[in-house]
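Below is one structure, written out as C-alpha cells, with a few remarks after it.
Residue numbers begin at 1 in each chain, while the letters A, B, ... track the order of the sequences. In this text, all values refer to a predicted model and were calculated from it rather than measured experimentally.
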Number of protein chains: 2
Amino acid sequence: MSDLLQRLRGRGWRMTSQRRVVAEVLDGDHVHLTADEVHARAARLLPEISRATVYNTLGELVSLGEVMEVSTDGRAKRYDPNAHRPHQHLVCSGCGTVRDVHPTGDPLADLPAEERFGFAVSEAEVTYRGLCPSCA
Amino acid sequence: MSDLLQRLRGRGWRMTSQRRVVAEVLDGDHVHLTADEVHARAARLLPEISRATVYNTLGELVSLGEVMEVSTDGRAKRYDPNAHRPHQHLVCSGCGTVRDVHPTGDPLADLPAEERFGFAVSEAEVTYRGLCPSCA
DNA sequence: TCCTACGATGGACGCAGTCCAAGTCAAGAA
DNA sequence: TTCTTGACTTGGACTGCGTCCATCGTAGGA
C-alpha cells in the first residue's frame, strides 16, 4: 500500500474501494490530470465509480493538502499529486501539458511592501508559458 | 473619444454602438470585471446588448492585445484593460478582488535552462495571493 | 441613396462542476 | 461473527460560464 493511502488512513479516512482507486490513479504517474481524466482512469479499475465521487475525493485530497489544484487556463482544473515539494508550473501553449519546475529565487521577495497595498500576501504562484519541443 | 476607440478605429474596426459601449465600460475604472459584469454595465448604457456580443467583443479586444484575460480562480475570467504596461496580479483569497502590481525582477530569469525541458518559454505569469485589508 | 459584408441577436447547446435524496457499506460495538 | 450506524456513493438534475449558429440589422464605402 502506498504512503498516500497510509497517511489517509492515519487521518481517519474510511477506506472505500472508490477512494483507494482515485488515490492509486493520482499516485501512479506524475502527470497533471483533469477530474474527468481521473474519472476515466479510475473507471478502468472500478467501472461503476461515479463522477460525483471522483469530485468529492479530489476535493478532500486537496483540502487535506495531499494534492494541488492547478488551473492553468480557463478550462478544467488539473490535479497535481506532487503537493509536498514546493514548485511552479510550465505550461505548453500548444497542447496544454503541464510540467513541474523548480525555479531559483523567491517571487515573494520581488514584491516590495509599497506594492502590497496592505494585503497579507502569503504565496506566489508562477506559471511559465511557452511551446514544448513537440509543439514548437 | 478615448484613445482605445481611436486605436480600434485605426485597426479597421467597424464602429457599432455595442462595441463603443463595451470599450467605454472597460476604459472606465480600472477594475477587473467578469464578462457578466461587463455585460451588466454595458446594458445600463445600451439595454438591448446581448451576452454573445459582449463575449465576442471582449474576445476581439483580447486578441488585438488591448485587454488582458485573467483567470485567477477556476471561475469566471476577468478582463484587465491595463494590457500595455506589463504587470502581475495580487488576488484576495477572501473576496476575490484583483489588483495590478509591479514586482521588481524578472521571474523568467529564475528559470534555469535545465528546468525548461526544451520548452521555448516566452512568458511568466505571477499571481500573488493573500488577504486584503478588509478581509484580514 | 443603395448594397453588402460585417456585426448583433438570442436561444440552444456543451462542458466543468455542484447538489441532493436515496441507497450502500466500512468499521467499531456487542 | 453479526449488528448498527453514520459516513460514503450514486446518478440524475441543476448551475454557471462560455460557445455556436441561423437569422436579422446596419456601418460605411460606392
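For A/Ala35, the listed nucleotide lying nearest its side chain is C/dG17; candidates were C/dG17, C/dG10, C/dG7. Taking every side-chain heavy atom of A/Arg14 into account, C/dA26 is the closest of C/dG7, C/dC19, C/dA26.
Each end of the helix from C/dT1-D/dA30 to C/dA30-D/dT1 yields a helix axis from five base pairs, and these two axes differ in direction by 20° (to the nearest 10 degrees).
Here the straight-line distance linking atom CD1 of A/Ile49 with atom OG of A/Ser17 works out to 7.5 Å at 0.5 Å rounding. Atom CD of A/Gln6 is separated from atom CE of A/Met15 by 10.0 Å, given to the nearest 0.5 angstrom. Going from atom CD of A/Gln88 over to atom CG of B/Asp110 covers 10.0 Å, rounded to the nearest 0.5 Å. For the atom pair CG of B/Leu61 and CZ of B/Arg19, the computed distance is 8.5 Å after rounding to the nearest 0.5 Å. Taking NZ from B/Lys77 and OG1 from B/Thr34, the interatomic distance works out to 12.5 Å, rounded to the nearest 0.5 Å. For the atom pair B/Glu115 CD and A/His87 NE2, the distance stands at 11.0 Å (nearest 0.5 Å).
Atom P of nucleotide C/dG10 and atom CD of B/Gln18 are separated by 10 Å, given to the nearest angstrom. C/dT9 atom C1' lies 16 Å from atom OH of B/Tyr55, rounded to whole Å. Rounded to whole angstrom, the span from the CZ atom of A/Arg9 across to the C1' atom of C/dA27 amounts to 10 Å. One can place NE2 of A/His39 at 15 Å from C1' of C/dT18, the figure rounded to the nearest angstrom. Here the P atom of nucleotide C/dT24 and the CE atom of A/Met15 are 23 Å apart, to the nearest Å. Between A/Tyr79 atom OH and C/dG17 atom C1' there is a gap of 8 Å when expressed in whole angstrom units. In this structure, NZ of B/Lys77 is placed 13 Å from P of C/dA16, rounded to the nearest angstrom. A straight line from CD of A/Glu60 to P of C/dT18 spans 12 Å, rounded to a whole angstrom.
By the 4.0 Å N-to-carboxylate-O rule, B/Arg11 lies close enough to B/Glu66 to be salt-bridged with it.
Between the side chains of A/His32 and A/Asn82, not a single donor N or O lies within less than 3.5 Å of an accepting N or O.
Annotation: side chain of A/Thr127 is not in contact with side chain of B/Glu123 (no heavy-atom distance under 4.5 Å).
No chain of hydrophobic side-chain contacts below 4.5 Å, direct or via other Ile, Leu, Val, Met, Phe, Trp or Tyr residues, connects A/Phe119 to B/Val31. Linking ILVMFWY residues whenever their side-chain heavy atoms come closer than 4.5 Å, directly or via other members, places B/Leu4 and B/Leu33 in the same cluster.
Of all nucleotides in DNA chain D, those with any atom nearer than 4.0 Å to a heavy atom of chain B start and finish, going 5' to 3', at D/dC17 to D/dG28.
Side-chain N or O atoms of A/Ser71 include none that pairs as donor or acceptor with a backbone N or O of B/Thr72 at under 3.5 Å.
At C/dG7, none of the side-chain N or O atoms of B/Thr16 fall inside 4.0 Å of OP1 or OP2 (strictly under the cut-off).
Contact check of residues 41-50 of chain A against DNA chain D (heavy atom, cut-off under 4.0 Å) returns A/Glu48, A/Ile49, A/Ser50.
The base of C/dG17 sits with one of its N or O atoms less than 3.5 Å from a complementary donor or acceptor on the side chain of A/Arg51.
Between B/Ala52 and B/Arg19, the residue whose closest nucleotide on DNA chain C is further toward the 5' end is B/Arg19.
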